[in-house]
Amino acid sequence: MSDTVREVPNRIGGRRVPAASGAWLDDVGPATGEVIARIARSDARDVDAAVQAARAAQPAWAALSDEARARVLDRVADGLEARLDELAALESRDQGKPVSLAREVDIPRAIANFRFFAGAVRHQELPSHPMPGAVNLTQRSPVGVCGLVTPWNLPLYLLTWKAAPALAMGNAVVAKPSELTPLTADALVDVMEEAGLPPGVFNLVHGLGPEAGQALVEHPDVKAVSFTGGTVTGRRVAATAAPRFKKLSLELGGKNATVVFDDCDWEATLDGAVRAGFANQGEICLCGSRLLVQRSVHDRFVEAYAARVAALTVGDPADPATRVGALVSAAHRDKVEGYLRLAVDEGGTVRCGGTRPDLPGSLAGGSFLAPAVVSGLAPACRTATEEIFGPVVTVHPFDDEEEAIALANGVAYGLSASVWTRDLGRAHRVARALDVGMVWVNTWLLRDLRVPFGGVKDSGVGREGGRWSLEFFSETKNVCIAW
Ligand code: TXE
């Protein structure tokens with residue numbers, strides 16, 4: 001490691017602070033395997049300092065008018081926008097995703113999150129319920145200090161999805177980004193400071209999940225915990241938060257079905273199913289990693305699908321032509337490769353990909369993997385039901401609507417699904433029968449920030465987005481006034 005590697009300390013109460021332990025963690029760039037930064041390895045002491053800073057700053061922030069807070073959020077959005085290219089390059093370097101994706105999706109959505117929740121709090125309407133001789137006024141107050149724990153797949157995008165509504169509602173925040181992708185969170189704090197967010201309203205603590213993350217979820221002064229990450233970790237977060245009666249939002253894993261009927265728009269469906277399977281290297285909780293295809297078109301569709309997947313350019317994330325970048329870490333690639341070996345043991349055939357591409361120079365040390373399509377697996381096997389969270393799609397035939405629904409629902413997860421058909425009645429029937437939180441028909445990941453986002457079953461608890469986020473990050477109080 002070179003001596004010039006940047007050290008990224010915590011950001012507490014408007015100051016840059018190393019961890020109390022003095023320890024640092026390496027942050028590895030997945031495209032090269034080289035250390036690109038070192039982050040503070042925080043523990044309960046650092047979390048406590050951040051929570052105390054947040055507690056001290058929160059009342060004055062909450063006392064501002066909604067309009068005043070919204071103006072600060074708008075300035076954060078402006079600041080992110082001014083740095084769009086720089087942030088996209090940073091996210092790509094830290095996460096491994098194609099810079100084109102970061103520039104077109106991750107960073108613009110982070111900007112949109114701040115603009116949207118600035119508008120949402122400005123336009124918030126609260127109910128009143130008149131009754132004979134009295135009126136009920138429903139009011140919302142901030143929860144206090146909110147703990148945000150976020151993952152490595154869409155680092156800035158998912159952090160801002162929680163931070164913007166939390167701040168809009170007058171809370172103070174302590175955020176713990178993934179130790180694998182900490183850098184854009186640090187840049188966000190720079191932007192917030194320039195935008196005039198008062199010191200202590202947003203604090204950042206870096207470190208490992210079982211150390212810094214666990215301490216944040218346990219802290220008695222953290223009144224709400226919003227977590228996005230894996231289901232196993234989510235279960236632990238829930239077990240920690242529930243006996244302490246914290247507000248809790250969990251966005252967890254998925255094993256989402258892409259359901260293709262024989263009357264679909266062929267080209268649009270192929271495009272959509274490829275994007276659903278492999279966007280962000282398959283590292284999105286919403287990715288359609290189980291492709292269910294009606295038997296009458298199954299073989300023809302899978303052949304065309306595998307050909308398109310094989311043509312995706314895997315390579316340098318910094319190259320604008322790259323469609324598939326590096327997986328987030330070497331350990332994660334090992335996990336995905338383990339699933340590909342399991343797929344073969346379970347009787348599957350790898351139709352394309354699954355190999356390490358031969359890339360030049362420093363990229364030879366990166367955690368790249370060619371996107372894989374696997375057919376011939378029983379739908380209930382482990383490969384077809386467990387979350388792989390990488391560039392692997394399994395394909396399965398079905399005969400009719402009933403069987404498609406049974407296959408789609410036959411997993412422990414229930415996050416999302418996409419349905420591809422020209423038959424409107426069928427689209428409605430299938431969408432209603434799917435046991436998931438979100439269904440797309442003839443599209444995938446078309447997002448409107450006003451709509452509820454979240455899953456059922458092992459995919460989580462609660463909803464984010466629009467008024468659901470505003471409700472989560474506030475306490476609702478009813479005041480009944482008699483006259
Ligand atoms: O995520 P973790 P990991 C899935 C995906 C992936 C698997 C494991 O299948 O392969 O989860 O990934 C913090 N208390 N998803 O281990 O552990 C951690 O530091 C508090 C799906 O990388 O869930 C990080 O900030 N926090 C997913 C965050 O939790 C803890 C996105 C998420 O890490 C903690 C990511 C603890 N005890 C992975 N332990 C999605 N739904 O989008 C860890 N953390």
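One-based numbering, in listed order, for ligands and for the atoms of each.
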Ligand-side contact atoms (ligand 1) for residue partner [X], heavy atom cut-off under 4.0 Å:
X    : answer
C285 : 40 (C), 41 (N), 42 (O)
E387 : 4 (C), 5 (C), 9 (O), 21 (C)
E179 : 18 (C), 19 (O)
V149 : 13 (C), 25 (O), 26 (N), 28 (C), 29 (O)

field: Contact partition for L252 relative to ligand 1, non-hydrogen atoms under 4.0 Å
entry: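 Answer for L252: backbone.
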- prompt: Considering only heavy atoms, does H332 approach ligand 1 within less than 4.0 Å through its side chain, its backbone, both, or neither?
  reply: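 Within the 4.0 Å criterion, H332 contacts ligand 1 through side-chain atoms alone.
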If you round to the nearest 0.5 Å, how far is [atom2] of [Y] from [atom1] of [X]?
X    : Y    : atom1 : atom2 : answer
R290 : L407 : CZ    : CG    : 6.5 Å
L216 : L148 : CG    : CG    : 8.0 Å
D46  : N10  : CG    : CG    : 5.5 Å
S469 : L449 : OG    : CG    : 9.0 Å
L183 : L156 : CG    : CG    : 11.0 Å

query: Heavy-atom contact under 4.0 Å between P177 and ligand 1?
result: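 It does; at least one heavy atom falls under 4.0 Å.
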message: Check contact between E283 and ligand 1, using heavy atoms of the residue and a distance below 4.0 angstrom.
response: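 Distance cut 4.0 Å: E283 fails for ligand 1.
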Establish whether [atom] and some protein heavy atom are separated by less than 4.0 angstrom.
atom                    : value
atom 8 (C) of ligand 1  : no
atom 14 (N) of ligand 1 : yes
atom 33 (O) of ligand 1 : no

Check this for me: does any side-chain nitrogen of one of [X] and [Y] sit under 4.0 Å from a carboxylate oxygen of the other?
X    : Y    : answer
R38  : D26  : no
R356 : E337 : yes
E386 : K255 : no
K246 : E218 : no

Would you say the side-chain atoms of [X] and [Y] include a donor-acceptor pair closer than 3.5 Å?
X    : Y    : value
Q95  : T181 : no
T322 : D316 : no
S92  : K97  : no

Under 3.5 Å between some N or O of ligand 1 and some N or O of [X]?
X    : value
T233 : yes
R236 : no
G229 : yes
Q214 : yes
G230 : yes
L180 : no

- line: To atom 28 (C) of ligand 1, the nearest of T150, V328, L208 on a heavy-atom basis is T150
Selected option - heavy-atom contact closest to atom 3 (P) of ligand 1, from W152, Y413, F227, F389: W152
Starting from [atom], locate the nearest protein heavy atom and write down its residue, its atom name and how far away it is, to 0.1 Å.
atom                    : value
atom 20 (C) of ligand 1 : G213 C, 3.2 Å
atom 30 (C) of ligand 1 : G209 CA, 3.5 Å
atom 10 (O) of ligand 1 : K335 NZ, 2.5 Å
atom 35 (C) of ligand 1 : P151 CB, 3.5 Å

message: Would R447 pass as a cation-pi partner of W161, given that its NZ or CZ must be under 6.0 Å from the six-membered ring centre and within 45 degrees of the axis?
response: yes
query: Using the benzene-type ring in the case of Trp, are the ring centres of W152 and F389 under 6.0 Å apart?
result: yes
